[in-house]
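Along the sequence shown, the residues carry numbers beginning at 1.
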Amino acid sequence: MKVKINGKDAYYTSSGREIDKNQPTIVFVHGSGLTHVTWVLQTRYFAFHGYNTIAVDLPGHGESEGPALNTIEEMADWIADLINSLGIKKTSYVGHSQGCLVGLEFAERHPDKLELLALINGSLSMKMNPELLELAINKDQKAVDLMMDWVHGPLGHKGGHPVPGLSHMGMGNQLVSSNNNGTLGVDFNACDQYTNGEAAASNIKHPTLCIIGKHDKMTPKKVGVELASKIKDSKSVILEESGHMSVLETASDTKNLLKDFFRAHRNAS
């Protein structure tokens, strides 16, 4: 589905369900160089269990018109514009990797629009390896290859895909490569330049879940724990078999953690 934001097409998927203003909404925001496709398991579950699920393609990604946005702050404001365009007053937010930085900034800039926050494989900042950043800016395929090797844990490297014959690394490479028109470099640079994470985290008053991969090399376990420590009363969970791609490597475990988190707070309200 598409809506216009600042005169450009913005794509999102709601798992084939119409938006019901009487249901709670969850917005899902992908990581660098990725698209809404990363959320296919999680969004489908919530869409059929009483939620509006809005899995977005950020500008310049997937089916959303570009160019890609240059800063995390712009991305956070774009999410606010999207939910306004859809007529949604409040939403919960689930972000992965770069999407976590966007989530921190969204919570800081638009707290009145946020209900619950879930951050997966996140950190307060994401300084990039200079060589990887340069390769990505130059649209070099080696940046994608290095990224796939780095973001997958042992499960992803061994295979671990629930569909026989498919691999996490192979599918991830294909997805990012198809999207590598300069977008990955813009994303990496936005992450590298973002500095407001700690201040934003310390101001969050919303219930927050932090999901951390034990084998995460992109945002190591210690920085995930640090992120959670800066958010008042947040809950953190470490996935023992996951690398940085928890939304795919351990998709079912990630879905179950999100399910329990949202169910607990929905029942409490």
Side-chain angles (χ1 to χ4, degrees), residues 29-35 38 58-61 66-76 95-105 119-158 167-201 210-228 230 238-239 242-250:
V29 181
H30 58 76
S32 297
L34 297 170
T35 73
T38 55
L58 289 170
H61 299 69
L69 301 175
N70 291 311
T71 69
I72 298 299
E73 291 85 351
E74 289 177 284
M75 297 177 201
H96 170 247
S97 191
Q98 173 186 282
C100 293
L101 299 183
V102 179
L104 291 174
E105 196 63 22
L119 306 174
I120 305 171
N121 303 114
S123 59
L124 295 169
S125 63
M126 292 185 186
K127 297 301 292 183
M128 303 302 300
N129 177 286
E131 293 182 11
L132 177 60
L133 178 57
E134 183 177 2
L135 288 168
I137 289 173
N138 291 330
K139 308 177 189 178
D140 193 316
Q141 177 61 30
K142 188 176 180 182
V144 181
D145 297 337
L146 289 171
M147 175 184 173
M148 288 302 106
D149 181 66
W150 195 245
V151 299
H152 286 93
L155 189 64
H157 278 271
K158 287 187 297 185
S167 75
H168 288 296
M169 290 183 66
M171 291 191 67
N173 195 304
Q174 185 178 24
L175 177 60
V176 179
S177 296
S178 68
N179 205 32
N180 190 24
N181 55 358
T183 296
L184 183 62
V186 175
D187 283 352
F188 279 177
N189 191 61
C191 290
D192 188 68
Q193 296 298 312
Y194 182 65
T195 60
N196 193 49
E198 184 168 352
C210 295
I211 298 177
I212 302 163
K214 180 179 179 180
H215 303 286
D216 192 338
K217 292 184 285 187
M218 184 71 80
T219 52
K221 182 174 74 171
K222 65 179 181 181
V223 302
V225 171
E226 180 188 22
L227 168 63
K230 299 295 182 180
I238 296 172
L239 291 174
S242 186
H244 187 67
M245 295 299 293
S246 297
V247 293
L248 294 173
E249 286 181 292
T250 50

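A pairwise comparison of heavy atoms in Pro67 and Pro59 identifies O-CB, 3.5 Å as the closest pair. Nearest heavy atoms, Gly60 versus Thr183: O-OG1, 2.9 Å. Of all the heavy atoms in Thr35 and Thr38, the pair that sits closest is O-OG1, 3.1 Å. Closest heavy-atom contact between Gly31 and Ser97: CA-CB, 4.2 Å. Pairing each heavy atom of Tyr194 with each of Leu104, the nearest pair is OH-CB, 4.3 Å. Contact record, Cys100 with Gly95: SG-O, 3.3 Å, taken as the closest heavy-atom pair.
For the pair Leu58 and Leu69, the minimum side-chain heavy-atom distance is 4.5 Å or more. Taking the side chain as every heavy atom from C-beta outward, Val225 and Lys222 never approach each other to under 4.5 Å. No side-chain heavy atom of Ile72 sits under 4.5 Å from any side-chain heavy atom of Gln193. Between Glu249 and His244 there is no side-chain heavy-atom pair separated by less than 4.5 Å. Taking 4.5 Å as the limit, every side-chain heavy atom of Asn189 sits out of range of all side-chain heavy atoms of Asn70.
With values rounded to the nearest 0.5 angstrom, Met245 atom CE is found 9.5 Å from Met218 atom CE. For the atom pair Ser242 OG and His215 NE2, the distance stands at 8.5 Å (nearest 0.5 Å). Atom CE of Met75 is separated from atom NE2 of His61 by 6.5 Å, given to the nearest 0.5 angstrom. With values rounded to the nearest 0.5 angstrom, Ser123 atom OG is found 10.5 Å from Ile212 atom CD1. For the atom pair Ile137 CD1 and Met128 CE, the distance stands at 10.0 Å (nearest 0.5 Å). The distance from atom OG of Ser32 to atom NE2 of His96, rounded to the nearest 0.5 Å, is 9.5 Å.
In this structure, Asn121 contributes its side chain and Ser246 its backbone to a donor-acceptor pair below 3.5 Å. Between the side chain of Asn129 and the backbone N or O of Glu131, at least one donor-acceptor pair lies under 3.5 Å. Lys127 places a side-chain N or O within donor-acceptor distance of the main-chain N or O of Asp192, the cut-off being under 3.5 Å. Asn196 places no side-chain N or O within 3.5 Å of a backbone atom of Ala199 that could act as its donor or acceptor partner.
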Evaluate Gln141 against Val144 for side-chain contact (heavy atoms from CB on, under 4.5 Å), listing each step before the verdict. CA-CA 5 Å; Gln141 177 61 30; Val144 181; 3.7 Å; yes
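Glu74 pairs by the side chain to side chain donor-acceptor pair (under 3.5 Å) definition with Thr71, not counting sequence neighbours.
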